[in-house]
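Below is one structure, written out as structure tokens; comments come after it.
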Amino acid sequence: MRVDRINVKRACAMDFGKFHFGRIEIDGVTYERDVVIDRGRIRKRKKQPSKRFREEFGHTPISVEEEIPWKCQRLVVGTGRYGSLPVMNEVKLEARHRKVDLLILPTDEAIETLAKKLKGTNAILHVTC
């Protein structure tokens with residue numbers, strides 16, 4: 001089942017189910033693409049704006065060109081099963097400028113962090129490498 005957007009606004013934490021290479025389950029819905037969690041809503045990561053940096057990084061990184069969910073106190077970036085997703089320095093600088101606590105972790109660890117506390121936290125989760 002492929003769902004690109006679902007509204008899951010509520011006060012409690014999201015239910016993170018299974019995470020396998022190439023798929024993640026959130027609140028019973030399986031996503032087979034990178035996802036962005038923005039104030040309780042889940043959407044597909046639109047990485048097209050960052051593709052121009054792919055050759056430089058060997059992977060499409062997270063860049064400030066993307067629609068990053070900055071309206072938060074904490075932004076968790078899940079860098080994939082093996083931590084391979086690059087996060088460009090400009091993103092780190094922008095987080096500091098906005099006073100957003102940026103956590104960059106392998107996706108398994110990012111999910112554990114998100115499962116503990118969701119309030120004030122947004123996320124970008126890479127579901128492969």
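Keep in mind that the numbers below use all heavy atoms, side chains included, and drop hydrogens, waters and symmetry copies. Predicted model only: the values in this text are computed from it and were never measured.
Checked against salt bridge (Lys or Arg N to Asp or Glu O under 4.0 Å), Glu112 has no partners two or more places apart in sequence or in another chain. Looking at residues two or more places apart in sequence or on another chain, you find no side chain to side chain donor-acceptor pair (under 3.5 Å) involving Arg96. The salt bridge (Lys or Arg N to Asp or Glu O under 4.0 Å) test applied to Asp108 returns Arg81, not counting sequence neighbours.
Residues Leu103 and Phe19 are members of one and the same hydrophobic cluster, defined by side-chain heavy-atom contacts under 4.5 angstrom among Ile, Leu, Val, Met, Phe, Trp and Tyr. Taken together through direct or relayed side-chain contacts under 4.5 Å among Ile, Leu, Val, Met, Phe, Trp and Tyr, Ile37 and Leu75 form parts of separate hydrophobic clusters.
Arg43 approaches Glu67 most closely through the heavy-atom pair NH2-O, 2.9 Å. Considering every non-hydrogen atom in both Gly120 and Cys72, the closest pair reads O-CB, 3.5 Å. Taking both residues in full, the closest heavy atoms of Pro61 and Arg45 are given as O-NH2, 3.0 Å, listed atom of the first, atom of the second, then distance.
Under the ring-ring contact (aromatic ring centres under 6.0 Å, His included) criterion, no residue pair touches residues 65-114, with sequence neighbours excluded. The ring-ring contact (aromatic ring centres under 6.0 Å, His included) pairs that include a residue from residues 105-129 are His59-His126, where partners are two or more places apart or lie in different chains.
Grouping Ile, Leu, Val, Met, Phe, Trp and Tyr by side-chain contacts under 4.5 Å, direct or through others, leaves Leu93 on its own.
No more than 12 heavy atoms of other residues, nucleotides or ligands shown are found within 6.0 angstrom of CZ on Arg23. Around CD of Glu55, the count of heavy atoms belonging to other residues, nucleotides or ligands within 6.0 Å does not exceed 12.
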